[in-house]
Every structure is written in structure tokens, then in C-alpha cells.
Amino acid sequence: MTENEIKNLFNNSENKSRKFEKYFSIYEELFEKYKNKDITFVEIGIHNGGSLDVWRKYFSKNSRIIGIDLNPECKKFERDGIEIFIGNQSDPKFWNTFFEKVKKIDVILDDGGHTNLDQIVTAVSVVKKINNGGILVVEDTHGSYIKEYNSSKKYSFIEFSKKIIDDVNFKYNKSFK
């Protein structure tokens with residue numbers, strides 16, 4: 001499936017979904033290896049359900065498509081092949097309950113609350129529950145640069161991510177000169 005085909009799936013979805021156009025090529029690049037495979041795909045932040053229909057068509061028909069949202073009204077998007085969980089992504093208890101029911105996942109797409117708390121708690125809560133070879137994709141990281149989404153730039157999701165990258169890659173406890 002090409003970038004344009006993914007874009008068309010989103011544009012022609014019965015329940016429209018808002019996505020930045022630049023995401024379509026990224027989706028194809030990141031998700032291509034999962035096409036025609038039976039996977040468990042989770043999207044946080046389902047708004048009006050349009051993207052769930054897209055993922056249902058994009059991945060194999062036997063894939064498990066799961067949406068997560070704060071809004072209890074989103075339960076109406078649940079149907080054959082699409083499960084909906086209602087909960088707060090910044091609550092570790094929600095994630096514990098979720099993974100008791102769902103077990104392991106292959107792909108998780110975080111398009112939820114966009115705050116540093118939402119994105120950091122989600123990353124910490126889900127990373128160990130992703131199958132080997134799976135991925136966590138976090139959208140809207142620009143929220144790290146918007147004051148209303150974050151208490152402090154110092155504790156943003158971007159700074160959190162940089163810290164993880166530094167911890168993984170920094171081998172010596174010596175300063176660069």
C-alpha cells in the first residue's frame with residue numbers, strides 16, 4: 001500500500017479522522033512489515049473512530065484492532081474486529097487492567113492526550129508489553145513545546161526520550177571535552 005492509498009483510506013473513512021498529512025508516509029514506512037500479518041494493533045485517542053476503520057483495512061483481516069479513549073461514548077465504535085477500552089492513558093492502573101485482558105501487543109500508536117504526563121506514563125507502561133519486533137509510535141510530540149500541554153520543558157516527552165537515548169548509548173561515565 002502506498003502513501004496515497006493510506007491517505008485515501010483516511011479521507012474516505014466513514015467516520016473522519018484528523019491526521020497530519022506528513023504522517024501517511026511515516027505510517028507506510030513503520031507499518032509496512034506488519035501488513036498481511038495477524039497482529040494486535042492499539043491506537044490511543046480514537047476521537048470519532050475513523051482511524052480504527054483504516055487500520056482494520058490496512059492490516060490483515062484477522063488482526064486485533066483496539067482503540068483506547070477517555071470518552072465513554074467512544075464505546076459505540078466497537079464492532080466485529082474492533083475492540084474499545086475506556087480509560088486514562090496517564091493512569092498506570094488503567095494499563096495494568098488493560099494488559100491483564102489484552103496481554104502482549106505488536107504496535108501501539110499514541111495519538112492520545114499529547115501531554116508530557118500522558119506520553120511518558122504510556123511509554124513506561126507499555127514498552128515491556130510490546131512483542132519482540134513490535135513498536136511504539138508517539139504522535140504529536142510537538143506538544144512538548146506547547147506550554148498548555150506540559151508543566152515544564154525540562155520534563156517534556158522529548159526530554160524524557162532524549163534521556164532514554166542518552167542512557168542507552170552513553171557507555172562511559174566520562175564527560176566529553
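Keep in mind that this is a model prediction, so the values were computed, not measured.
- Going from atom CG of Asp140 over to atom CG of Asp111 covers 5.0 Å, rounded to the nearest 0.5 Å.
- For the atom pair Ile164 CD1 and Lys162 NZ, the distance stands at 13.0 Å (nearest 0.5 Å).
- Residues in residues 121-130 take part in these side-chain hydrogen bond (donor to acceptor under 3.5 Å, both in side chains) pairs, two or more places apart or across chains: Gln89-Thr122.
- A 4.5 Å side-chain heavy-atom check between Ile39 and Ser60 finds every atom pair outside the cut-off.
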Does Lys163 form a salt bridge (Lys or Arg N to Asp or Glu O under 4.0 Å) with Asp167? I'd like the steps, not just the answer.
CA-CA 6 Å; Lys163 173 82 169 98; Asp167 290 349; 2.9 Å; yes
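- The minimum heavy-atom distance linking Gln119 with Phe157 is given by the pair OE1-CB, 3.2 Å.
- Counting heavy atoms from C-beta outward, Asp118 and Asn88 have side chains that approach closer than 4.5 Å.
- Between Lys37 and Lys33, the shortest heavy-atom distance links the atoms NZ-O, 3.1 Å.
- Across all non-hydrogen atoms, the minimal contact from Ile130 to Lys104 is O-NZ, 4.3 Å.
- Note: Trp95 and Phe98 have perpendicular aromatic rings, judged against thresholds of 30 and 60 degrees for the angle between ring planes.
- With a 4.5 Å cut-off on side-chain heavy atoms, Phe99 and Ile105 count as touching.
- Residues Glu78 and Ile82 share a closest heavy-atom pair of CG-O, 3.2 Å.
- The CG atom of Leu117 sits 4.5 Å away from the OG atom of Ser90 when rounded to the nearest 0.5 Å.
- Connection of Val127 to Ile108 is not established within any shared hydrophobic cluster, with ILVMFWY side chains joined at heavy-atom distances below 4.5 Å, either directly or through further cluster members.
- Screening Asp53, Thr40, Leu52 for a side chain to side chain contact (heavy atoms under 4.5 Å, CB included) with Ile65, the sole residue that qualifies is Leu52.
- Across every non-hydrogen atom of Leu70 and Ile86, the tightest pair is O-CG2, 3.6 Å.
- Annotation: salt bridge (charged side-chain N to carboxylate O under 4.0 Å, His left out) contacts involving residues 82-98, sequence neighbours excluded, comprise Arg64-Glu83.
- When the side chains of ILVMFWY residues are joined at heavy-atom separations under 4.5 Å, either directly or via intervening members, Ile120 and Val168 end up in a single hydrophobic cluster.
- When each of Phe77, Phe41, Tyr34 is tested with Trp55 by the rule ring-ring contact (aromatic ring centres under 6.0 Å, His included), just one qualifies, namely Phe41.
- Once rounded to the nearest 0.5 Å, the distance linking CD of Glu43 with CD1 of Ile66 reads 12.0 Å.
- Between the side chain of Ser156 and the main chain of Asn116, no donor-acceptor pair closer than 3.5 Å is present.
- The two atoms that bring His47 and Asp69 nearest to each other are N-OD2, 3.3 Å, heavy atoms only.
- Here the side chains of Tyr27 and Leu109 are in contact, with some heavy-atom distance below 4.5 Å.
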